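Structure record follows, encoded as structure tokens.
Since the structure is predicted, the reported quantities are computational estimates derived from the model, not experimental observations. Here is how names work: the chains are called A, B, and so on, in the same order as the sequence lines, proteins then strands, and each is numbered from 1.
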Amino acid sequence: MPANRQIALLDHYRQSARDLPWRYPPGHDGPRDPYRVWLSEIMLQQTSVATVTTRFARFLERWPTVEALAAAPLDDLLAEWAGLGYYARARNLHACAQAVVAMGGFPDSEAALRQLPGIGDYSAAAIAAIAFGRPATVIDTNVERVIARLHALDRPVRSDRKRIRALADDLYSGAPAGEMAQALMDLGATICRPANPACHLCPLSTDCAAYASGDPASFPPRPPKKVRPERFGTAWWIRRDDRLFLVRRPARGMLGGMAALPGPEWQDGAPPACKAVSVRHVFTHFALTLRIEERDDPSGLEGWWHPLDRLDEAGLPTLYARAAERMLA
DNA sequence: AACTCGGGGAG
DNA sequence: CTCCCAGAGTT
């Protein structure tokens, strides 16, 4: 019997919805642009609202339609994506745009959306619900956390997905899915936060088992963290006059397809002691120490000379942007 | 089911 | 420092 929870959530949302650049406000009854919804959902995958807010408008201004994006060179899209991380998203975004144009527009069902590159379970449900008003159970990490707390689930989310799915289906049942999804995500971001949840502001607190337990922040339990391995590598700083030699990384894998400083593949292990200039960069599953070595000959390398005064337009991912910043300081 | 894949912001 | 974020694809 989720009706009371749904009413409490939707009422609270209509009162306090965040005003976000990609969002249609609660109660919006006009046409919706699936391109905007899709783009925002891909950008927001594992990326905070604050970060996306600074990049969404510029991206949309450069490519206002899915047709424009499909026609753009992939390298331009990757350069625009630089600094956002998880670059497979940008490669899949391009492939998805071309598929959508080829089929004459975005499909409006969750199942058909799910078949497109870069659109997984979450994004398919979110786009179907938010852009097309379809019923769908939209489950992201916010929804998982809210449900884990409502029911005081005592297993890590990763090993309790089936139960969370069933509880989420029930929570969404019969309600407008797009508004429910956004209500739950706002709740998770602003009230039912991972740490220091603001239960005194929560419209569901009287119905929440974790709140009743007295220690809501302990739900859901976090899996044990694992150690982050070390890697090291070398990047070559090859400068002639006012230009720098850059290369493009292999299409798949780490920083796939991105502009970069040339250099050999990175190695496992702790970096050898060295006084040379180096930058340290922490990725999700390893930490890298990149030594920067000056060279004057790019022979044997495939790349291009890039003007140093326009390096910010080269589309370097953050690791190499920091390395260049260090060398130019 | 476990890995791979970035980076920034908050505490 | 640590943790987390509107996850997806591969193995």
Side-chain angles (χ1 to χ4, degrees), chain A residues 17-18 20-23 36-56 78 81-93 95-96 113-131 136-146 156-162 168 177-178 180-190 192-197 217 220 222-229 231 249-258 260 266 279-288 316-322:
Chain A
R18 289 178 293 175
L20 304 174
W22 50 88
R23 175 176 278 180
R36 292 175 61 103
V37 176
W38 165 68
L39 176 62
S40 69
E41 293 303 340
I42 305 303
M43 277 195 174
L44 286 160
Q45 287 168 5
Q46 293 295 285
T47 306
S48 67
V49 163
T51 299
V52 173
T53 298
T54 67
R55 306 290 295 267
F56 179 77
L78 288 171
W81 202 270
L84 272 176
Y86 285 162
Y87 298 100
R89 290 185 296 173
R91 304 194 298 267
N92 286 330
L93 199 75
C96 186
L113 287 161
R114 181 65 181 80
Q115 299 304 309
L116 292 167
I119 299 183
D121 291 341
Y122 161 76
S123 298
I127 298 166
I130 296 172
T137 304
V138 184
I139 303 175
D140 74 328
T141 55
N142 289 298
V143 178
E144 288 174 343
R145 184 172 58 256
V146 169
V157 166
R158 207 181 57 252
S159 58
D160 211 8
R161 290 248 152 78
K162 287 199 135 126
M180 276 294 288
Q182 294 174 92
L184 284 164
M185 293 190 279
D186 274 19
L187 189 78
T190 65
C192 196
R193 301 172 296 217
N196 304 314
R222 296 193 296 98
K225 61 170 184 176
K226 47 190 68 172
V227 295
R228 200 193 310 275
R231 292 185 194 172
R249 292 178 60 85
R252 280 182 292 277
M254 199 72 188
L255 309 177
M258 299 298 288
W266 307 334
V279 292
R280 182 173 170 77
H281 198 75
V282 179
F283 295 102
T284 301
H285 59 292
F286 65 93
L288 176 73
L316 290 173
T318 300
L319 165 66
Y320 295 111
R322 294 251 193 279

Nearest-angstrom distance from the residue atom CE of A:M43 to P of B:dG7: 15 Å

Sugar-phosphate, base or nothing in reach of A:L84, heavy atoms under 4.0 Å: base

Whole-angstrom distance between B:dT4 and C:dA6, as gauged at atom P: 24 Å

Contacts of type side chain to side chain donor-acceptor pair (under 3.5 Å), residue A:R55, not counting sequence neighbours: none

Atom-to-atom span, CZ of A:R55 to C1' of B:dG7 - whole angstrom: 10 Å

Sugar-phosphate only, base, or nothing, as touched by A:G256 at under 4.0 Å among non-hydrogen atoms: nothing

A:L255 CG - B:dG7 C1' separation (whole Å): 11 Å

Residues A:R322, A:L316; criterion side chain to side chain contact (heavy atoms under 4.5 Å, CB included); working and verdict: CA-CA 9 Å; A:R322 294 251 193 279; A:L316 290 173; over 6 Å; no

Test log, rule side chain to side chain donor-acceptor pair (under 3.5 Å), inputs A:R249 and A:Y320: CA-CA 12 Å; A:R249 292 178 60 85; A:Y320 295 111; 3.1 Å; yes

Same-atom distance (P) from B:dG8 to C:dA8, integer angstrom: 22 Å

Can you name the atoms? Protein N/O to nucleotides 1-4 of chain B N/O, anything below 3.5 Å, with the distance.
from  : atom 1 : to     : atom 2 : distance (Å)
B:dC3 : OP2    : A:K226 : NZ     : 3.0

Spatial distance of atom CD1 (A:I127) from atom CD1 (A:I119) [nearest 0.5 Å]: 4.0 Å

Partners meeting ring pair (Phe, Tyr, Trp, His ring centres under 6.0 Å) with A:Y122 (sequence neighbours left out): none

Under 4.0 Å protein heavy-atom contacts per nucleotide of nucleotides 1-11 of chain C, with B for base, S for backbone only and - for none: --SSBBBSS--

Residues in salt bridge (Lys or Arg N to Asp or Glu O under 4.0 Å) contact with A:R89, at least two apart in sequence or another chain: none

Contact check, side chains of A:W22 and A:V52, non-hydrogen atoms, under 4.5 Å: yes

Test side chain to side chain donor-acceptor pair (under 3.5 Å) applied to A:E144 - qualifying residues, sequence neighbours left out: A:R161

Euclidean distance for C1', C:dC4 against B:dG6 (whole angstrom): 13 Å

5' priority, DNA chain B, between A:N196 and A:T51 [closest heavy atom]: A:T51

Donor-acceptor contact present, side-chain A:R228 to main-chain A:T284, <3.5 Å: yes

Separation of atom NE2 in A:H281 from atom P in B:dC5, rounded to whole Å: 14 Å

Atom-pair distance (CZ on A:F286; C1' on B:dG7), nearest Å: 13 Å

Atom pair distance, as rounded to whole Å: CG in A:L316 and C1' in B:dG6: 15 Å

